[in-house]
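Numbers restart at 1 for each chain; the letters A, B, ... are given by sequence-line order, proteins then strands.
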Amino acid sequence: MLVKRSGSADKPKGPGAPPRVLRVALPVPLPQSFDYLAGTADGALPGCRVRVPFGSGERIGIVTGPGGPADGPAVLKPVHEVLDREPVFDSELWRTLSWAAAYYHFPLGEVLNAALPAPLRAGEPWPTLEEPGLAITAAGRDAFAAKPLRAGPGRDVLAALEAGPMPTSALRQQLGRGGSAAMRRLLQRGWIGATSLPPSRPARPVLAGPPLHPEQQAVITAIEGCAEGYSGHLLEGITGSGKTEVYLRLIDAALERGRQALVLVPEIALTPQTLRRFRERLAAPVLPLHSGLGERERARAWAQARSGQPCVVLGTRSAIFTPLPRAGLIVVDEEHDGSYKQGDGFRYHARDLALVRGKALDVPVLLGSATPSLETLALAAEGRLRHHRLIERRGLAKPPLLRLLDLRNQRLVGGLAPTAVQALRDTLARGEQALVFRNRRGFAPALGCAQCGHVWECPRCDRPYTLHRQPPGLICHHCGGRARMPSSCPSCSSTALGGRGLGTERIEAELAEVFPKQRILRIDRDSMRAAGRLDATLAEIETGGPAILVGTQLLAKGHDWPALSLVVIADADSGLLSPDFRAPEHLAQLLTQVAGRAGRGDRPGTVLVQTRQPQHPFWSRWLGGGYRAVADAELRERREGGLPPFQHQALLAAEARDPRALDVFFAAVMALPGEREGVGLIGPLPAPMPRRAGHHRRQLLLECTTRAPLHRLLSGWMPRLYALPQARRVRWSLDVDPLDLY
DNA sequence: AGCACGCCGACT
DNA sequence: GTCGGCGTGCTC
């Protein structure tokens with residue numbers, strides 16, 4: 001079974017070439033690939049999956065090329081099976097993924113694995129492009145024709161299938177709730193049967209778009225006027241300015257040329273409404289791709305894109321790994337959104353990879369946002385992206401009125417200044433809706449003793465517990481740890497315990513006392529835990545009627561709420577005082593986002609922002625020039641402060657139960673050889689949160705004004721780091737271009 | 001990451 | 001006397 005490597009001391013016996021060797025990337029957290037005897041797998045192309053023996057078991061790996069000379073063991077095991085005739089990754093995706101593995105200093109095998117849909121990862125054959133569907137049977141047709149059936153989902157199913165077979169997913173979508181049960185019943189009765197349908201969808205009517213206004217037309221002309229091939233674009237357009245219409249026109253043009261398009265959207269934005277809007281307007285299949293989708297469907301969409309037929313892939317972060325052999329355009333909507341960055345494992349940034357893929361595919365890339373990230377604005381300023389703007393709001397809607405409320409020396413009710421409470425009252429009196437935004441769920445961010453000031457902390461994280469009222473208890477929002485509600489203070493025995501600060505639960509409760517007759521809807525992870533609850537509540541808001549909405553980030557994005565005319569930001573100060581240098585940028589993005597929710601339609605909305613730092617320069621910028629003024633000032637400060645995007649960073653973080661393991665680990669890291677010229681090493685320092693879930697956390701920040709020295713150093717370090725025995729005692733990770741330093 | 005091998009406690 | 005704890009080391 002085992003054959004000696006041709007490069008070793010023993011020459012292969014007999015005539016003929018030495019045994020061929022294949023190099024294979026495996027999904028293991030190791031920096032190297034592994035060599036196998038090709039055997040019958042000889043000729044397997046890079047990018048093909050193979051089943052290989054590994055350790056005591058078997059793994060699915062990806063061929064990366066021919067094996068190298070005699071590094072590695074003298075004796076090689078043979079490839080067990082080749083699973084693909086054609087590479088699963090086309091040449092462009094293969095190059096991009098190899099580049100990404102090098103750029104993020106993450107094992108190639110794991111990168112390839114992350115890019116592959118689970119069934120393919122598990123070694124299953126390529127899914128057929130055919131889609132599971134349903135068709136009416138002769139018995140069903142007879143039954144449908146013979147007697148008038150009672151109205152209901154059952155009859156709807158038969159009526160729909162009378163016209164011809166349909167994909168199961170489309171049918172389910174068309175029928176909504178109750179459809180699935182009806183389909184099951186009819187299948188049992190033999191009135192309908194399962195079938196499979198070709199991927200080309202039945203022609204459906206494509207709606208014409210609204211007429212373009214001149215701004216939109218100018219942007220489209222400018223982008224289409226670019227030379228063939230790659231070009232990078234930033235589309236900065238305020239909420240309601242019609243960015244999506246620009247996307248749709250450009251996608252449509254790409255489809256006209258027989259090309260494919262990839263559209264990335266943030267996690268919360270891939271809703272049935274979004275999908276419907278794209279499907280209504282585009283003449284090619286629109287393939288959704290997100291984590292909620294079943295793995296089978298995901299694999300089929302992937303395969304369909306891989307086949308090269310014109311289609312639009314509409315997906316979240318991981319959709320950036322869809323093969324697009326006939327690509328024509330890549331769009332990243334809301335490019336500033338944090339959900340494009342993978343937070344663990346292979347920590348890629350889908351927006352950055354979109355630009356890389358655009359270059360590799362030689363197609364235009366369009367980054368759209370009302371509030372572009374400073375990274376993207378800097379690229380535009382450098383001339384590496386063309387900057388387009390949409391500044392008119394459609395429908396003559398007026399921009400919202402912005403007003404700062406000084407919280408100092410005010411009597412607060414539910415955390416709100418009297419002016420804000422009065423504004424709520426007026427809004428409700430007009431039959432309109434108001435939104436109170438507070439990014440802390442729970443009743444209060446801490447529980448304290450009124451007598452001695454003692455604050456209850458999570459013993460595993462050293463951070464205050466969040467006080468919850470329903471159900472009552474203390475919960476650590478960092479590790480999920482719970483503690484029972486104490487009845488007295490352990491240090492002074494006082495029973496005068498109280499919540500410190502405000503969470504959404506408390507705002508809701510206190511507002512309910514002021515407005516006992518009004519509808520108050522709290523929207524956060526706690527109140528919306530039940531499945532479908534969020535959708536139902538959002539729908540209720542959309543139907544209108546006076547209400548106060550109290551919520552967290554969950555509310556910041558979402559749909560158009562026609563009745564919403566007042567937004568109160570309960571506490572903007574965390575964005576001004578946070579040690580995270582990106583906090584002001586994120587605050588400005590959030591303010592713009594929620595301001596865009598207020599006053600759609602003919603009336604201008606009002607945004608009240610509460611702060612105890614009214615003199616902070618952030619506010620004069622914000623009130624004077626909006627997001628751009630804040631962004632410009634922040635960019636200046638980042639440049640002066642030597643911070644991203646004018647400095648490139650990588651964060652080596654480690655955590656361990658035993659802090660001594662961290663001492664030893666970082667000592668070994670600091671002793672690693674490597675050219676450090678030009679690279680700033682900051683640390684090792686305790687992480688901003690030094691303990692979490694019982695683990696001590698420490699980090700080393702690497703900085704450099706240019707990428708090359710930083711990456712040279714990391715390339716030298718990584719293989720050694722994996723080999724370090726001290727690294728086995730800690731959980732470590734490397735984050736290239738980290739978005740937060742936690 | 002798995003997974004095996006490898007030496008020290010409370011159970012049939 | 002065994003099952004099993006997770007420490008340590010390897011995987012072409």
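Judged as a salt bridge (charged side-chain N to carboxylate O under 4.0 Å, His left out), not a single pair has a partner in residues 97-115 of chain A (not counting sequence neighbours). Within the structure, the salt bridge (charged side-chain N to carboxylate O under 4.0 Å, His left out) test picks out the following pairs touching residues 725-737 of chain A (sequence neighbours left out): A/K341-A/D735, A/R347-A/D735, A/R707-A/D737.
Residue A/R23 contributes atom CZ, which lies 14 Å from atom P of C/dC12 at whole-angstrom precision. Rounded to whole Å, atom P of C/dC10 lies 13 Å from atom CZ of A/F34. Rounded to whole angstrom, the span from the CG atom of A/L76 across to the P atom of C/dT11 amounts to 12 Å. Look at NZ on A/K77: it is 10 Å from C1' on C/dC10, rounded to the nearest Å. Rounded to an integer number of Å, the gap from A/Q32 CD to C/dC10 P is 12 Å.
Every residue two or more places apart in sequence or in another chain that forms a side-chain contact (heavy atoms from CB on, under 4.5 Å) with A/R300 is listed here: A/E131, A/P132, A/E297. With sequence neighbours left out, A/R484 forms a salt bridge (Lys or Arg N to Asp or Glu O under 4.0 Å) with no residue at all. The ring pair (Phe, Tyr, Trp, His ring centres under 6.0 Å) search around A/Y36 returns none, not counting sequence neighbours.
Regarding contacts with the backbone of C/dG7, every side-chain N or O of A/R729 stays at 4.0 angstrom or more from both OP1 and OP2.
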Could you give the side-chain donor-acceptor pairs of residues 53-61 of chain A under 3.5 Å, partners two or more places apart or in another chain?
residue	atom	partner	partner atom	Å
A/E58	OE2	A/H80	ND1	2.7

Mind listing the side-chain donor-acceptor pairs of residues 661-674 of chain A below 3.5 Å, one per line with the distance, residues two or more places apart or on another chain?
residue	atom	partner	partner atom	Å
A/D663	OD1	A/R698	NH1	2.6
A/D663	OD1	A/R698	NH2	3.4

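For DNA chain C, no neighbouring residue in residues 113-124 of chain A is found when judged by any heavy atom under 4.0 Å.
Between the side chains of A/T466 and A/R441, not a single donor N or O lies within less than 3.5 Å of an accepting N or O.
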What protein N or O atoms touch nucleotides 1-3 of chain B N or O atoms at under 3.5 angstrom, if any, and at what distances?
residue	atom	partner	partner atom	Å
B/dC3	O3'	A/S56	OG	3.1

